[in-house]
*Asks:* 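Below you will find the structure I want to go over with you.
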Amino acid sequence: MTSYFINIWMAMAFIIAVQPLAGQGSSAQKKVLLLMGSRFEITAVAEDDTIAWEAINAGIAEIQRIEKIISSWDPQSQTSEINRQAGLMPVAVDRELYDLIFRAKKISQLTDGAFDISFASMDRVWRFDGSMTQLPTQEEVAAAKEKINWQDIILDTDQHTVFLKEKGMKIGFGAIGKGYAANRAKFVMEKIGGINGGVVNASGDLITWGKSNRPEGWTVKIADPKEKDKLLGWLPVKDNAIVTSGDYERYIEFDGKRYAHIIDPRTGYPTTGIKSVTIVCPDAELADALATSVFVLGKEKGLKLINQLNGIECLFVTDDDDIITSENLKLNYK
Ligand code: AMP
Ligand code: MG
């Protein structure tokens, strides 16, 4: 019987681990690799190891295919073309990209603009690649912020075109792309006959499926942020996604103050007040987008939003290490 842990956040307040299925005669195969600039762990459980590897390879190919479409670093991607044509002309794109942008705009609407893929104009002033030597001026922030507006991402249903209305606008899928890729990888892996279960873990954006032979099913362990070696509890993640946004993932520090990679579109500045947000729901893309959204919305508004949404739960850690959970999220203690 195989039993092991997949660590998601090694260095942070939480230590989460998933115990994969290990049914009768089944064994889990796992591949760890860099995709979309992030560490992915892809696990498949099958009675036949060859089938498990077939599924893992299919999952990897799917993620690489998606990366080619949504990467804003790759000048060849359709996303880069949309950005190059900002303020100039609409760009015809694949149905898949069109639909992703459509869904991203829906999340912007739901979150009153807290989530906005056009945040990407800010990467001219906030760079988290080590190249910043000083804080941007208020004028620089204000000028870049002017270009953020999800309502200026114009979609044409008939032509399948995307048009960024203003010159200097830019879109990026940093807050939703890994969740989408995790969903898709799961989808192609499940389609391969003989796969009993699996996990796609995109650096903490994680989706599981299949039955577990353990009485508690698939579980995610949660450590106490105040005492990292102490277990606070665990959550079941049966056929669910669990996604975390954290301020520790990418940040810069000036004068002892931490500036994290999630930008509040209303101010143009990195968000404050929350250390991490974890969302649990069946869909990894939605969980990904909502984790980033709640980060921006903050404690009160974020919690209110999640409590209004059916089948979606959250757990977050504030800057003071308080742990707050949504109404129906039940942490198990034993
Ligand atoms: P996540 O780790 O899913 O919370 O995504 C964080 C990433 O999303 C950042 O590194 C940015 O690429 C992008 N991002 C930052 N602020 C926003 C925002 N307000 N709305 C959408 N995407 C954002
Ligand atoms: Mg996200």
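Remember, it's 1-based here, ligands and their atoms both numbered in the order they're listed. All values derive from a computational prediction rather than experimental measurement.
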*Asks:* For G210, is there any backbone N or O sitting under 3.5 Å from a side-chain donor or acceptor partner on D239?
*Replies:*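 Yes.
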*Asks:* Out of all atoms in ligand 1, which are within 4.0 Å of some heavy atom of S245? Include the element for each.
*Replies:*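 Atoms satisfying the 4.0 Å criterion: 1 (P), 2 (O), 3 (O), 4 (O).
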*Asks:* For E313, check salt bridge (Lys or Arg N to Asp or Glu O under 4.0 Å) against everything at least two apart and list the hits.
*Replies:*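 Not a single residue meets the salt bridge (Lys or Arg N to Asp or Glu O under 4.0 Å) criterion with E313.
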*Asks:* Please say which of I154, N149, I153 ends up in a side chain to side chain contact (heavy atoms under 4.5 Å, CB included) with Q151.
*Replies:*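 Per the side chain to side chain contact (heavy atoms under 4.5 Å, CB included) rule, the option paired with Q151 is N149, out of I154, N149, I153.
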*Asks:* Under a 4.0 angstrom heavy-atom cut-off, which atoms of ligand 1 come close to A114?
*Replies:*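 It comes down to these atoms of ligand 1: 18 (C), 19 (N), 20 (N).
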*Asks:* For F115, counting its heavy atoms only, list the atoms of ligand 1 lying under 4.0 Å from any of them.
*Replies:*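 Going through ligand 1 atom by atom, the ones under 4.0 Å from F115 are 20 (N), 21 (C).
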*Asks:* Any donor-acceptor pair under 3.5 Å linking the side-chain atoms of E285 with those of N183?
*Replies:*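 The answer is no; no qualifying pair exists.
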*Asks:* Identify whether the distance between the nearest side-chain nitrogen and carboxylate oxygen of D123 and K170 falls below 4.0 Å.
*Replies:*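 A salt bridge links D123 with K170.
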*Asks:* Around the Mg ion (ligand 2), how many protein N, O or S atoms are there at under 2.8 Å?
*Replies:*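 Considering protein N, O and S only, the Mg ion (ligand 2) has 4 within range.
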*Asks:* Nearest to atom 5 (O) of ligand 1 by heavy atom, G174, A287, G204: which?
*Replies:*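 Considering heavy atoms of G174, A287, G204, the nearest to atom 5 (O) of ligand 1 sits in G174.
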*Asks:* Is there a donor-acceptor pair closer than 3.5 Å between any side-chain N or O of N201 and the backbone N or O of E41?
*Replies:*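 Checked: no pair found.
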*Asks:* Report the part of I262 (side chain from C-beta onward, or backbone N, CA, C, O) that has a heavy atom under 4.0 Å from ligand 1; answer both or neither where that applies.
*Replies:*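 Both the backbone and the side chain of I262 come within reach of ligand 1.
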*Asks:* Among W126, Y251, F128, whose ring pair (Phe, Tyr, Trp, His ring centres under 6.0 Å) with Y259 holds?
*Replies:*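 The option that passes is W126.
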*Asks:* Distance under 4.0 Å to a non-hydrogen atom of T292: what atoms of ligand 1 satisfy this?
*Replies:*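 What qualifies from ligand 1 is 1 (P), 3 (O), 4 (O), 5 (O).
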*Asks:* Minimum heavy-atom separation for S80 and S71, please, with both atom names.
*Replies:*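 Answer, listing the atom of S80 first, then S71: OG-O, 3.7 Å.
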*Asks:* Taking atom 22 (N) of ligand 1 as the point of reference, which of G179, A120, A175 owns the nearest heavy atom?
*Replies:*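 Shortest heavy-atom distance from atom 22 (N) of ligand 1: A175.
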*Asks:* Hey, does D205 come in under 3.5 Å of ligand 1, counting only N/O atoms on both sides?
*Replies:*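 In fact, backbone or side chain, D205 has no N or O that close.
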*Asks:* Is there side-chain contact between L88 and K167, with heavy atoms separated by less than 4.5 Å?
*Replies:*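 Yes. Closest side-chain heavy atoms under 4.5 Å.
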*Asks:* May I ask you to list the atoms of ligand 1 that are less than 4.0 angstrom from any heavy atom of P265?
*Replies:*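 Taking each heavy atom of P265 in turn, ligand 1 has 19 (N) under 4.0 Å.
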*Asks:* Kindly give the heavy-atom pair with the smallest separation between I148 and M122, and that separation in Å.
*Replies:*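 Closest approach of I148 to M122: CD1-CG, 3.6 Å.
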